[in-house]
Amino acid sequence: MTHASDRSLLRPYGLQTEQRPEPLGLGESCPRLSWKLASERRGAAQSAYRITAAERPADLDDPGRLLWDSGRRESDDTLLVPWDGPTLRSATCYHWRVEVWDETGAAGAPAQTWFETGLLHSDDWSAVWVGRDPLGLPYVDPPQDHDAGSASELQPPPLYLRRPFEVRRRPRRARLYATARGVYELRLNGSRVGDAELAPGWTEYHRRLQYQTYDVTELVREGGNMLGAVVADGWWCGHVGFDARRAAQHYGDCPALLAQLVVDFTDGSRQVVATDSSWAERPGAIRTADLLMGQHVDARQRVPGWDSPSPSDDGFQPVAVLDIEPGPIVAEPDHPVRVTRDLPAVAVHQRAPGRFLVDFGQNLVGRVRLTVRGAASGWRIVLRHAETLAHGELYVDNLRRAQATDSYITGGDDIEVFEPQFTLHGFRYLEVDNHPGELAPADVVARVVHSDTPFTGHFECSDPMVNQLQSNIRWGQRGNFVAVPTDCPQRDERLGWLADAQIFAPTASRNADVAAFFARWMRDVVDGQDAEGAFRDVAPVMTMHRPAAPAWGDAGVIVPWHLWRTYGDREVLRRSFDAMVAWVRYIRRHNPDLRWRHRTGNSYGDWLQVDATTPRDVLSTAYFARSAQIVADAAEVLGRHQEAIEHRELHAAIRAAFIDSYVGADGTVDGGTQTAYLLALGFGLVPEALVPAAVEHLADDIEKRNNRLTTGFVGVALLCPVLADHGRADLAYALLHQEEYPSWGYSIRHGATTIWERWDGWTDHCGFQSAAMNSFNHYSLGSVGDWLFGRVAGIDQTPTSVAYRELLLRPLPGGRLTWAKAEQETARGLVACGWSRTDGRITVTVTVPPGSTAVLEVPTPDPGSVRESDAPAAGRPGVLGVQPSTAGATLRLASGRYTVSALAPGAEPTDRS
Ligand code: RAM
């Protein structure tokens, strides 16, 4: 007999519907269901499952009407199992439950979750777009600050929209569906609705606009109600990228709202309040708001109680109903942007009367919340932001046109709180100017804002500098994953650059669950493809209208493949596949000799390399080969045999061309740069016999520079992995520990708390790099994070494994580390691997989730010394085999937790008798 508390039971947990826990407003009519597994018992695996689903009104206790019973299915599937029940209805809450049986046939502990569909059909929408009457209010001049630069254009003040309504009795359930052309915040009876920031996020607006769903059951009251919204420019019509024009030129010229409140009563009746001509609008306290420029609030212009059920007659005018179709409105499929934490000020320095410099100790992305006490009305406080200081003052030159300046004019209340919610800044330092009186540190707080992808990965080791590097990588990921993966968060750019994203995606998926985030962005990438098959450098497309460059456009192939390998998401691969094929065929069409020299767009090469120039055609042809190979692999997964054969042959031919043109008989690669060797070795473009010589050339280049790197965005991701995989872990560690310029350690020694865009962002010898392009928060050079998890700690999967089904655990003691460990919540469950060296022995602890197996390479000079939980490893439960190998010893493990120890590398064998 088993008990629910029995830890050896197979336990499903982390249930997800369409790669999100408990999604509200799901847009899929055939969602995919997933669960992870845990068990304390070695060898535990799922042999069967059963899914049952019911439709259940949220407020009823009855179990609901059974809708779908999959029956017991003899299967080890746990990932993305398609809904196979009756067609889902709009705006309906479904519960589903999974029962599992383990490999012995014993029942596990069941688990359940829910999801609620959104508006699945376009005729579910009765709302129409509403906005400001274009003949109504004049545009206003954004405030000009002494040093905030000049605002390029007049800006309209954000819209305050509202509509009163009556409700006869307390509702059973109320949902609010909304989106905006712009960014919006909803209000209901004076309260904020939900916690999404900068909704609806940024998508390829020409193709898709996402709506959000909110549970407002608790906010709707019997009697009079007021539904309100504030809508600012955002990506729709504010400043985006480095185009001097407001995005008005790209999408539209004024913000608008589409909202629909659906109130359901217990008697089955329904009341809908939707945006239409009965809504009213006026400007309010927020005078201007722009993602790049900042937000300006004049509290004297507040309209007290404007969003309360019984406002006074306060100047609201009828809205204009915009003569536009609701358009392609889709449910938000990924995690919304949210405030995920607050950081207190670590220091506040008064620089002059009323002028304070605040240090938050961390370069971050978000905004501040300032509390002002006892100020008279009309006091204008100005907030400016910067990532770093120069001569003790804000360094803002690298912001280019982004003013990153907020201001607040006090309204005369005893306590006033200013928090600019429709703008976003990348900063560590804040200047508060014209502050009335003292600024108490507790009155200023930094609020961290980003796409709320769950951060579930951890890496840690014995070296504080490497831990700081990992922290910098994570902060770079947080700050630059805001609706889309951006290059940087501070200057007038913040675009979804493709190469940055593909280089960093493997690291990102170590730190966080980015499955839904990237799958959603891939739609934008595919949307950006032209009729010829060329992707663009950025997605959503903005300003960069040329075909994409090598390594940039290839993201359209690499990212879907990565999502398949990491999360088992076949659908994103299927959906992207035609675009992947079209991209490779486009390159081939224009480069019939298979050296990619034509149609290379802006051909950025190994962007921001130092002291080296990798030939562009070496880089591009290597990527051409890589993309062809991935398309062939993807075609096999999807059963597209023709394309598989075509691209397998194409890959072989490009490889031959690469070798013919760029690889010498002595193993040299054209250009002789680190990146040239890394691409050739990393992408398998060196004949087997010449690999040792190529590795030696690579190592020579690093050594002759006293263990310094020269790689840019493209090469850096391959640097440590290729060295370690070709017997030069010593050099990989030397680069990891390097603290002289250029290196990760150099930036950290100079106070970096995020990854810099450039190795020479600031140097002892030259000071700041050109302000024209010098961000201190770019993630690309942080792509080494994948190697920290994958080799330093040792979590990887075999080349044919999907979603960590066959783990390849290869801890790599080296450098000055005495221990390292990582944990990762994979799609199947928790994977962990860590090692430590003490007293001549190495101890490796690993966790393999149920259903997975692992190949564990134990680095030891003496395979006979391997023990598991203090007993000879062979024959221990779950240990399926022990063999000597080049690493030392290789163990095959079933699921479970293990503690393996062996004689440490370099230690003297001891007498084991
Ligand atoms: C810079 C961006 C980005 C890079 C492109 C080529 O402007 O910041 O990181 O991909 O250039």
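Since the model is a prediction, treat every value here as computed from it, not as a measurement. Atoms within a ligand are numbered from 1 in the order they appear, just like the ligands themselves. Index from 1, following the sequence.
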Worksheet item: Of the options I755, T753, T388, which is the one that meets N363 in a side chain to side chain contact (heavy atoms under 4.5 Å, CB included)?
Response: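 Checked I755, T753, T388 against N363; only one passes side chain to side chain contact (heavy atoms under 4.5 Å, CB included): T753.
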Discussion item. Does the plane of the ring in F768 sit parallel, tilted or perpendicular to the ring in Y395? Use 30° and 60° as the thresholds.
Written reply: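 The rings of F768 and Y395 lie parallel, inter-plane angle below 30°.
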Worksheet item: What class does the angle between the rings of Y779 and F504 fall in, given that below 30° is parallel, 30 to 60° is tilted and above 60° is perpendicular?
Response: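 Aromatic pair Y779/F504 classed parallel.
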Worksheet item: For ligand 1, does R491 get within less than 4.0 Å through its side chain, its backbone, both, or neither, judged by non-hydrogen atoms?
Response: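 Side chain only.
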What atoms of ligand 1 come within less than 4.0 Å of a heavy atom belonging to [X]?
X: F713; answer: 9 (O)
X: E757; answer: 8 (O)
X: Y604; answer: 6 (C)

Worksheet item: Side chains of S627 and D554: do they bring a donor and an acceptor to under 3.5 Å?
Response: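 Yes.
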Discussion item. Between R491 and E757, is the salt bridge (Lys or Arg N to Asp or Glu O under 4.0 Å) condition met? List the steps.
Written reply: CA-CA 12 Å; R491 67 181 179 224; E757 176 176 24; 2.9 Å; yes
Minimum-distance protein heavy atom relative to [atom]:
atom: atom 8 (O) of ligand 1; result: D487 OD2, 2.6 Å
atom: atom 9 (O) of ligand 1; result: D500 OD2, 2.6 Å
atom: atom 1 (C) of ligand 1; result: E493 OE2, 3.5 Å

Item to complete: Could you tell me whether the side chain of N591 and the main chain of H598 form a donor-acceptor pair under 3.5 Å?
Response: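 Yes, the answer is positive, given that a donor and an acceptor are paired below the 3.5 Å cut-off.
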Worksheet entry | Proximal candidate to atom 11 (O) of ligand 1 [heavy atom criterion; set F242, W552, W607, Y779] |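 Considering heavy atoms of F242, W552, W607, Y779, the nearest to atom 11 (O) of ligand 1 sits in W607.
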